[in-house]
Amino acid sequence: MSKYWSKLVTRLEPYVPGEQPQDQQYIKLNTNENPYPPSPKVLAALKESIDGSLRLYPDPNSSQLKQAIAEYYKVAIEEVFVANGSDEVLAVTFQAFFTNDKPLLFPDISYSFYEVYCKLYDIDEKRVPLDADLSINLDHYSIENGGVIFPNPNAPTGKALPLSAIKKYLEENNKTVVVVDEAYVDFGAESVIPLTKIYPNLLSIQTFSKSRSLAGSRIGYAIGNKSLIEALERVKNSYNSYTLDKLALIAGTVSIKDTDYFQKTVNTIIATREETITQLQALNFSIIPSCTNFVFAQHNSIDAETLYMQLKASGILVRYFKRDRIDNYLRITIGTDNEMKTFVQRLNELIP
Ligand SMILES: Cc1ncc(COP(=O)(O)O)c(C=O)c1O
């Protein structure tokens, strides 16, 4: 703490990202990155674009990327917002819609950036408990609120709600903005994007970091009614005109057009996930069925923190959250078949 800090800085509790070790080569199963490289077309386009034109600012409206996203989802370009990773889309969303008098509702076990943004923007929050089986139950969200946000599928549980449950909730709540964080939707859940045509208070937030292998490029987007998107643009253009750099704009535009590569890598990860679940069950783990590129697993006799540390010591990183209700689970990102084979072998050695 310093005497020069503002009151705001003093009260912040910044987000702690998963480890990104720079010293040693680990098998990284801890931050839900995609184990496969971006599409070869993306890499070729990037190499071709590294030239003297980097002296110029990028397009402040990111029009080409927005157009490509709009075509992919069959929405209008005015229904698309883009920013520097979905974390920035979330930050802008919190400022645009949730800074009012009533509490923002989100699940008690969820993406921990939500509570960080509440502190940063001084937003009142109410965490709604997951059911005993760690499902989100939208019946519990029919209370007074200044907005609602939840991931679908949820992180770190990997569980998804059916579209019918979200639709039913939207029929009841048209007073505040409902944000569905769809960071993992491509790995097995249904997107709410078609519902944004019906419900003007619904926003889907997605990312190129997971299913499109572009975590390093930081590209996130939101899709919703034009007036919600206009609100996001007003916030973004009040602090930074150029949130996406030239290379990220090219990477995103080429990536979203390469549907074959996207489908192939997503299907491979889903197949590896199902194979990994079978092998972990054989090692006496209980697994929550996953609609994501990770699994949330609990061993029936060895505690999760011990396993996390033993795995780390042997060169494998997974994610462990020392939080109420989930402190006996490991969140394991799905890697390549070879990485998962090594992971299961290592567990075989560690588990008596
Ligand atoms: C639920 C959820 N939302 C959003 C994000 C942010 O992703 P990014 O900022 O890389 O787009 C993550 C990242 O792990 C996540 O798990």
Side-chain angles (χ1 to χ4, degrees), residues 14-20 28-35 38 62 65 69 80-94 98 104 106-118 120 127 130 134 136 148-161 166 178-189 191-192 203-223 232 236 240 243-245 248-249 251-252 255-256 262 269 288 290-296 317-321 323 326 329-335:
Y15 178 73
V16 183
E19 295 158 274
Q20 296 289 357
K28 266 193 96 270
L29 309 178
N30 67 328
T31 47
N32 299 341
E33 288 142 329
N34 196 308
S62 307
L65 174 60
I69 294 172
V80 181
F81 175 76
V82 294
N84 191 242
S86 59
D87 282 338
E88 190 176 55
V89 179
L90 287 166
V92 173
T93 298
F94 274 55
F98 299 151
L104 172 68
F106 55 86
D108 64 338
I109 296 166
S110 192
Y111 185 40
S112 44
F113 233 128
Y114 304 157
E115 58 213 50
V116 174
Y117 288 137
C118 283
L120 177 60
R127 299 182 203 179
L130 295 184
L134 301 186
I136 292 175
V148 172
I149 184 164
F150 58 90
N152 195 48
N154 196 10
T157 64
K159 275 196 152 185
L161 282 171
I166 301 175
V178 176
V179 176
V180 186
D181 177 348
E182 302 195 310
Y184 301 101
V185 73
D186 293 328
F187 297 104
S191 172
V192 294
L203 193 71
S204 157
I205 295 185
Q206 298 207 20
T207 178
F208 282 68
S209 296
K210 315 294 179 184
S211 55
R212 294 187 179 274
S213 308
L214 280 168
S217 283
R218 312 300 299 123
I219 312 165
Y221 53 105
I223 295 183
L232 297 175
K236 174 236 156 194
N240 185 358
T243 48
L244 279 175
D245 69 74
L249 291 173
S255 167
I256 200 136
F262 164 77
I269 289 168
I288 296 178
S290 169
C291 298
T292 61
N293 67 336
F294 57 85
V295 292
F296 208 43
L317 280 181
V318 296
R319 193 89 195 253
Y320 171 70
F321 300 92
R323 282 185 81 134
I326 55 166
Y329 283 88
L330 295 177
R331 194 195 68 189
I332 303 150
T333 305
I334 301 301

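Given the structure is predicted, the values throughout are model-derived calculations rather than measurements. We're numbering straight along the sequence, starting at 1. For ligands, and for the atoms within them, numbers begin at 1 and follow the listed sequence.
Annotation for ligand 1: atoms under 4.0 Å from non-hydrogen atoms of Arg218 are 8 (P), 9 (O), 10 (O). Atoms of ligand 1 found under 4.0 Å from any heavy atom of Ser209 (numbered from 1 in listed order, with element): 8 (P), 10 (O), 11 (O). Distances below 4.0 Å separate heavy atoms of Ala183 from the following atoms of ligand 1: 2 (C), 3 (N). Proximity to Asp87 (heavy-atom distance under 4.0 Å) selects the following atoms of ligand 1: 5 (C), 6 (C), 9 (O). Every atom of ligand 1 is numbered from 1 in the order shown, and the set under 4.0 Å from a heavy atom of Lys210 is 13 (C), 14 (O). In summary, the atoms of ligand 1 found under 4.0 Å from a heavy atom of Gly85, numbered by their order in the structure, are 9 (O), 11 (O).
Among all protein heavy atoms, the one lying closest to atom 7 (O) of ligand 1 is Ser86 OG, 3.1 Å.
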- Item | Worked check of side-chain contact (heavy atoms from CB on, under 4.5 Å) between Thr31 and Gln20 | CA-CA 8 Å; Thr31 47; Gln20 296 289 357; 3.6 Å; yes
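Aromatic ring centres of Phe208 and Tyr221: separated by under 6.0 Å.
By the 4.0 Å N-to-carboxylate-O rule, Glu115 lies close enough to Arg127 to be salt-bridged with it.
Residue contacts with ligand 1 include Asp181, since one of its heavy atoms falls under 4.0 Å from the ligand. Using a non-hydrogen distance threshold of 4.0 Å, Tyr184 registers as a contact of ligand 1.
Note that OH of Tyr184 and CG of Asn154 are 10.0 Å apart. Values are rounded to the nearest 0.5 Å. One finds the CG atom of Asn152 at 11.0 Å from the OG1 atom of Thr292 (value rounded to the nearest 0.5 Å).
Partner of Tyr111 under the ring pair (Phe, Tyr, Trp, His ring centres under 6.0 Å) criterion, chosen from Phe106, Phe321, Phe150, Tyr15: Tyr15. With Glu33 as the partner, the salt bridge (Lys or Arg N to Asp or Glu O under 4.0 Å) test is satisfied by one option alone out of Arg212, Arg319, Lys210, Lys28: Lys28.
Considering backbone and side-chain atoms alike, Tyr114 places every N or O at 3.5 Å or more from each N or O of ligand 1.
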